[in-house]
Amino acid sequence: MLALEQFDATVRSIVVQEQILHEEQLAPKLVDAAVSRTLELLRGNGFAVSEMALAAGSETAGPNAESAASVVPLMGAAQLGEQLVQSPDISTVKRITAAVRQHLIDNQLANLELDPTLVKTNFVTKAIHGIAELLGTKRESFDGLVLEHVMSVREEQSTTFVTELNWRLIDSAASLYTNLVIDNLRTADASGTALAAGSKIALPAANAQQLKDDFASELLLWQKDKRGLLNELDSVVRMPGWGNIWTQPIINRIDMLATGVNTMLGVRVFGDDINKISEKCEQIAAVLKRLRGAVDVSADQVVGEGYLEIDIDRERAARFGINIGDIQDVIETALGGRVITMTVEGRERFPVRIRYARAFREDELSVRNLLVTASARGMASGADASMGGNKAGESAAGAAPLSPMQIPLSQVADIRIVSGPSMIRSENGLLRSYVRLNVRDRDVIGFVEEARQAVASEVAMPEGMYIEWTGQFEHEVRARKTLSIIVPAVVLTIFVLLFVVYHDLADTLIVMCLTVPGAVFGGVLFQYLFGYNFSVAVWVGFIACFGLATEGGLVILVYLREAVERRGGLENLTLEQLRAAVMEGAVHRLRPKLMTELTTMIGLAPMLWATGTGSEIMQPMAAPVLGGILVADEVIDLLLPVLFYRVRVYRWRKIHGDSGESNSAIAVVEPAAV
């Protein structure tokens, strides 16, 4: 781990140096690109730009040709180039285009016959731009086109730089990491078998190549995934006793308000003793760290804050004749401050507090030396009592009255620094603490079920203590409870609507028994292929899939029923005619049905590769819809006409009896024989 940390730091410093050099070389290129694009647009808009300026600004100019920025000098070109490298914006581009136009006009290299800020367009282009504006896009502007060109050049140059840098890093990564590992082995080996300084280790060719291939698969800058970046951040920002939680500000606040923890999952431990709660939290955290998918596991550091504890000894205070209230008044005034009056300023009132100077209360020794006033008689009796006999009474009778004396606070109280809780949380009358963690690469609900069993079997909770699980999975649990009602209600509603349309229980069952299982199978298949876990978005996709698949079955069933009714119904058909009617209805509907399926899938397919805001919801929603439609429609096309025919054959036989069956058998066999 230390070698990997050193390797990351070394490579990062190399990348930073290379990036600085690249930006220094990129800045004049971007300025030149902005100037050249400006010259091209001016020429296209009708400006009589001179051939010399246009040739300098052309991207096809030879290597010995002057750059556009040298032919068209700009004030502050270095600063403009730096701004284009860091963050190209329209304001920087406007400064460049304005300077170029002004330079051309001042040197009589261009005229002002046309407005240079307008992009020259024809009728067709204007119509296209008008339609695009109606659809929400912005009209192209002169400066916008220049900015677009600058950003394309910047992207192209940066991609080339990163590609070349990656290959250079790959060439040196294996040897650099090997040397760092060997250096750490020399330092860390305390058994006396450490490698001698300056010794060299040569790896076999196969091992060296394998190590290089491993680095090549992870080292490329653009192949760093979220998990790799989080692992690298964890290795860099490690702090003893701290746990890292990688989240986002908005979801962090939402989780905190909804569940009380700012992570995906939290374990609340309740009890009466804060020390026992802290101990159980550490045990639970140790168990959770061993489970697959658990990351960022951390238990709240409940105990560890230093407290100044002042325990008044009543017996000693009584011997000195000091009241407990007097001691508490001294402590309050010295450490916390006491309100002595109120100041009135208009309608506002402010308390005035007095408190000892910081030198009298800044540490434990200073607090021990705080003075408490004791009565003279109490001082005398306390002193004589410590000497024994009846000398206290004699001294009191024979001597003059004594004045009050002051003694250190340590004479009447025990003062010490103790360890206590940094924060005390409570809920429902009990103390509470948290174990926080995130879950990656697996289903949160499944993790919670496994974690509950592991914690219950390995962590014994004493009487009066218990735990509760909280986090994002609670939303999913509530959603599943809701969906457990909604999904059956959707299926039942579809069944009722089909029965109302057909008034035929057999036809309704045919559609339901084919569409719903087919949609479920196809949806689960695509969900597995694309790697999505069950979520609310996935269940919404299944509900939509049920409706679309049932719609396809409904349409083809309508065609089959119409084909039979158009030929006179079952009473006027033979089995061969019935078979021909079913075949006609199925074949007649096949082409438009396939076209409907194809257009639906083409319309939904882009959702699987959507990016940007909302893509994390659209992608898992589209997967079951596409899979369900694809499988359910094929099942409907192949099996629904067959089942429809078998049901109609059964009904035909009930109508015509055995005589009709014998005639139909001949009618069915003869065409086959022919």
Side-chain angles (χ1 to χ4, degrees), residues 490-523 525 545-601 627-674:
V490 168
V491 176
L492 179 62
T493 302
I494 294 174
F495 181 85
V496 172
L497 292 176
L498 290 176
F499 184 78
V500 170
V501 172
Y502 294 137
H503 298 287
D504 192 322
L505 182 61
D507 290 348
T508 303
L509 290 175
I510 289 174
V511 176
M512 293 297 297
C513 293
L514 291 179
T515 57
V516 174
V520 171
F521 176 78
L525 177 63
C545 179
F546 293 158
L548 292 174
T550 305
E551 181 183 2
L554 174 64
V555 173
I556 194 171
L557 187 59
V558 168
Y559 270 78
L560 294 175
R561 289 167 64 95
E562 287 182 353
V564 173
E565 295 299 330
R566 191 165 51 248
R567 297 196 177 197
L570 294 178
E571 295 82 359
N572 302 317
L573 293 176
T574 63
L575 285 180
E576 181 61 26
Q577 292 172 341
L578 175 61
R579 181 177 179 274
V582 173
M583 185 66 70
E584 176 188 353
V587 173
H588 182 68
R589 174 56 187 158
L590 183 60
R591 180 179 296 176
K593 186 173 183 300
L594 291 177
M595 292 179 62
T596 304
E597 297 171 8
L598 183 61
T599 54
T600 302
M601 288 188 290
I629 292 176
L630 182 62
V631 175
D633 285 343
E634 300 307 319
V635 171
I636 292 170
D637 294 338
L638 297 176
L639 298 182
L640 194 146
V642 176
L643 294 178
F644 179 83
Y645 174 72
R646 298 310 306 170
V647 171
R648 291 310 185 268
V649 168
Y650 174 77
R651 293 179 179 178
W652 185 91
R653 288 174 178 172
K654 290 183 65 176
I655 295 174
H656 294 278
D658 295 337
S659 59
E661 183 179 353
S662 61
N663 294 334
S664 65
I666 297 174
V668 172
V669 173
E670 285 179 355
V674 173

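On a predicted model such as this, the values are computed, not experimentally measured, just so you know.
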Please list, chain by chain and in numerical order, all residues satisfying side chain to side chain contact (heavy atoms under 4.5 Å, CB included) with [X], sequence neighbours excluded.
{"X": "Leu497", "result": "Thr493"}
{"X": "Phe495", "result": "Leu505, Thr508, Leu509, Met512"}
{"X": "Val558", "result": "Tyr502, Leu554, Glu562"}

What are the two closest heavy atoms between [X] and [Y], and how far apart are they?
{"X": "Leu573", "Y": "Trp652", "value": "O-NE1, 2.5 Å"}
{"X": "Gly585", "Y": "Tyr559", "value": "O-CB, 3.9 Å"}
{"X": "Leu578", "Y": "Arg648", "value": "CD2-CB, 3.7 Å"}
{"X": "Leu575", "Y": "Tyr645", "value": "O-OH, 4.1 Å"}

Task: Results of ring-ring contact (aromatic ring centres under 6.0 Å, His included) for Phe644 - residues two or more places apart only - done: none
Under 3.5 Å, side-chain donor or acceptor atoms of residues 627-643 against the rest of the protein: list the pairs with distances, not counting sequence neighbours.
{"residue": "Asp637", "atom": "OD1", "partner": "Lys593", "partner atom": "NZ", "Å": "3.0"}

Task: Arg567 atom CZ, over 12 foreign heavy atoms within 6.0 Å - done: yes
- [ ] Please round to the nearest 0.5 Å and tell me the distance separating atom CE of Met595 and atom OG1 of Thr600.
- [x] 11.5 Å
Open item on the list: Could you measure the distance from the CD1 atom of Ile510 to the OG1 atom of Thr515? Nearest 0.5 Å is fine.
Closed with: 11.5 Å
Task: Under the salt bridge (charged side-chain N to carboxylate O under 4.0 Å, His left out) test, residues paired with Arg651 that sit two or more places apart - done: Asp504
Task: Result of checking Leu557, Leu560, Leu498 against Asp507 for side-chain contact (heavy atoms from CB on, under 4.5 Å) - done: Leu557
